[in-house]
Structure formats: C-alpha cells, structure tokens
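Notes to accompany the following structure.
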Amino acid sequence: MIVQKYGGSSVATAEKIRGVAERIKQRVDRGEKLVVVVSAMGKTTNSLIALAEQVSQEPSPRELDMLLATGEQVTSALLAMALCDMGIPALSYNAFQLGLTTTGSFNNARIMDLNLSRLRMQLERRSVLVVTGFQGVTPEGDVTTLGRGGSDTSAVAIAAKCGCPCEIYSDVPGVFTCDPNRVPGARKLDYITYDEMLELSSLGAKVLHSRAVEIAKKYSVDLYCGSTFSDERGTCVVNSLPEWLEQPVVSGVTTDSNQTRLTISRLPRSMEALSALFTGLAEQGVNVDMISTVNENGHSHLTFTVVDATEKAVLRTVRDVLAPWEGWSVSEDRNVVKVSAVGVGMKSAPGVAARFISALSRKGIAMLGTTTSEIKISALVATEDGNAALRALVEEFGLGE
Ligand code: ASP
Ligand code: MG
C-alpha cells in the first residue's frame, strides 16, 4: 500500500478533483492500494479564517478548528464521489472516524495515535480510502487542526504508522535549490536528506511541513515530492544520498520573513538583566531566534529576533522585565528577512561561512545578525536585500541551472 497526499492547488476545482481521481485510478489499475490524504480546495482555509474574523475579533481556537476542519472534509467527500463515478468504490473518512487522536492544543495540535485496524479493515475490502488531512480529534472528542500546511504531517504520520511509502503531490514538481518563483534558474533536486529538508522547512521553505519531515526522519518513511500536473520526476527525501552522488556543500537556500528584530541599547552590563529578559520572553511563549550582544564600557547592546510574534506584546514584555534597570532603550524593525544556506556537506567542508559572507559582501548586502548550526548558516538582512542575497548564494554555491 501507499499513502498519497494532494495539496490545495491540486484539488482547487471540481475539474482538478476529477483529474486527481484519474491519477489515482491509474495506480489502482496497476493493482495498488492507496490511502489518499487531501487538503482543503484551493485557498479555502484562508477564506474560512477571514470569515471567522468577520464575526469575531479574536475567534475562539476551539471554534476556529471546528470551522477549518470542514475544508478538508469537503475535498475528501468530493474525491471519493469522483472515484466512485469512475468505478472505484472509495470511501472518505475524517480524523474522528479513524481515531486520529491529537493533543488538545487547538490550531497547532500534535498527532498522538491512529486507529490502524479500522483503516486496514476498510482497505481490505477496497482499493482506495480518502482521508481528511490537517485535522484530528482529542481523546475527549474535540476537533483539532495541526497548524497551517499540516496535511503533509497527516499523510506522513499515516504512512509511518502503516510502514509504507508516502508521496506528496502539489503544483511544484519537487524540492528546488531555491524558490523557483524568486530565483529563475533554481534547480530541482533528485534527492535531499531528511536533515537538510528539516532545516529548509523550518527556515521558511514551504514545500513540506517541517513536522512532516520530522516524522518521516524518525520513522524512516520513504518520502517523495512530485507534481500533480505532470509526470516529471520529483524529489526523494532520504536518510543519506546514494553513494554514487557527490554530496554538495550547500543543497539549498531559503528565506524566512517571519522575523522581527529588536535592539536594546545601553543596557547595564549584567547577567541578571539578560536572564530576566529571556526568561520573561520565554514565559510569554515568545520564540527568540538570533541573538547577539556587544559589550562596551559596562553596557551591553543587544539584538535579537523573534519569530511569528506580535511586536506590541514583545515590547510590553521587554519594558516590564527590564523595568528595574535604567538608561536603556528598545527599538524594533520588521523590515528584515533571514537568509539561510543548508547542506550536510558543510560538516566536512571548511570555509563555507567565509564564502557565504563574501558572496553577500560582494553585492554590498549588510548582515544584521547571523546564526549557524552544523549544517546551516543564516544571516539576517534588510527585506529589500532578500532576493539579491538569495541570488548571490545561488551563484556562489552553484545552485542554478
Ligand atoms: N488546508 C490547510 C492549510 O491551508 C492544511 C494544508 O493544506 O496542509 O493550511
Ligand atoms: Mg502545503
């Protein structure tokens, strides 16, 4: 058996849903059994959120999930109907019916389990089950969703539980060295490792939900990303590259614009102040990313970025926790993006940071902060430099066509 997942743009219209059914039929005709996970049609999830905001300033997370979960249910029923029409007796299921239980954190729930015997029993009698992506149900019976883009995670989790491969279909034919919409000439990769994909997904690449990659890695799920609309070869996400393939130093570059930079100047130099600051932010659930400090004459100048945060709340926290100290000031800047280069080859190749920095500096791009890990280098740059920075890195590391 195999798990397939079709994203929103692949099922955006009735005609496209019939097209997907056609593709599934070809596989059934070859004797395969499929569990097909679907997203909501097109931009349905966005429309539902907008609708919620029309009736409430701050929609209750529980009710929001109740609403958002309808999107995937529409697609799964329609796809099952289209399949039946082609003579393939498919059945659709939502998370509740499959016992796909999650934690109770509405809007961002984590999958805990799945009723495998139910799924297996149904699949014994027919070739195709269609399952709603993105949603789950708590042990108490409340509907939850897995966070934006979460259908990938549903698909990989089902594949992990069934011990079978997973194919993710969308409107892009695989994983690219860089977003092809931003850098013309970005190259499609035949293979990418779980570790690289994990970094790229969490650093802003939208091809795959990062939790889907996490689960794939943990359970060694065979993962393939390809296009719904062509038979062009896609990308295999693997544990390590086939031996005959040389590991590039950098496999991909990406940007993340969900960052806000905060600068605190002239903070009295004190570990106590720093620890109060970051403890305060952590207590508010603020995700702090890049941190740098410069010390001068008994003062610290501190910059850090926060991810996906509302600046107002962050500024309020900073002012509250640093109130016991005097003489400092804080400013914020939304106009920044984080540009990252990722590659497992970095582990064994010295000089990558030098090439990264020189590539940006040759184009006159200022770096406002950096962070690195074993397999990635990130720099914070002004938003207007984002595209130029990507192009410089694509050129430097030979990532283009
Ligand atoms: N429909 C959901 C979203 O738009 C989940 C998904 O498509 O993966 O975020
Ligand atoms: Mg997606």
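Note that the structure is predicted; figures quoted are calculated from it, not measured. The first residue in the sequence is number 1, and the count goes up from there. Indexing begins at 1, ligand by ligand and atom by atom, following the structure's order.
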Q. Which protein residues have a heavy atom closer than 4.0 Å to any atom of ligand 1, listed by chain and number?
A. Ser39, Ala40, Thr45, Glu72, Phe134, Arg148, Gly149, Gly150, Ser151
Q.
Testing Val156, Ile2, Val37 one by one against Cys166 for a side-chain contact (heavy atoms from CB on, under 4.5 Å), which residue passes?
A. Val156
Q.
Checking side-chain polar atoms at under 3.5 Å, does Gln122 have a donor or acceptor matched by the opposite partner on Arg126?
A. yes
Q) Any side-chain heavy atom of Phe176 within less than 4.5 Å of one from Leu399? A) no
Q) Will you find, in the side chains of Thr138 and Thr144, an N or O donor that is under 3.5 Å from an N or O acceptor? A) no
Q: State which residues pass side chain to side chain donor-acceptor pair (under 3.5 Å) with Glu199; sequence neighbours excluded, sorted by chain then number.
A: Ser373
Q. If you measure from OG1 on Thr193 to CD1 on Ile375, what distance do you get to the nearest 0.5 Å?
A. 6.0 Å
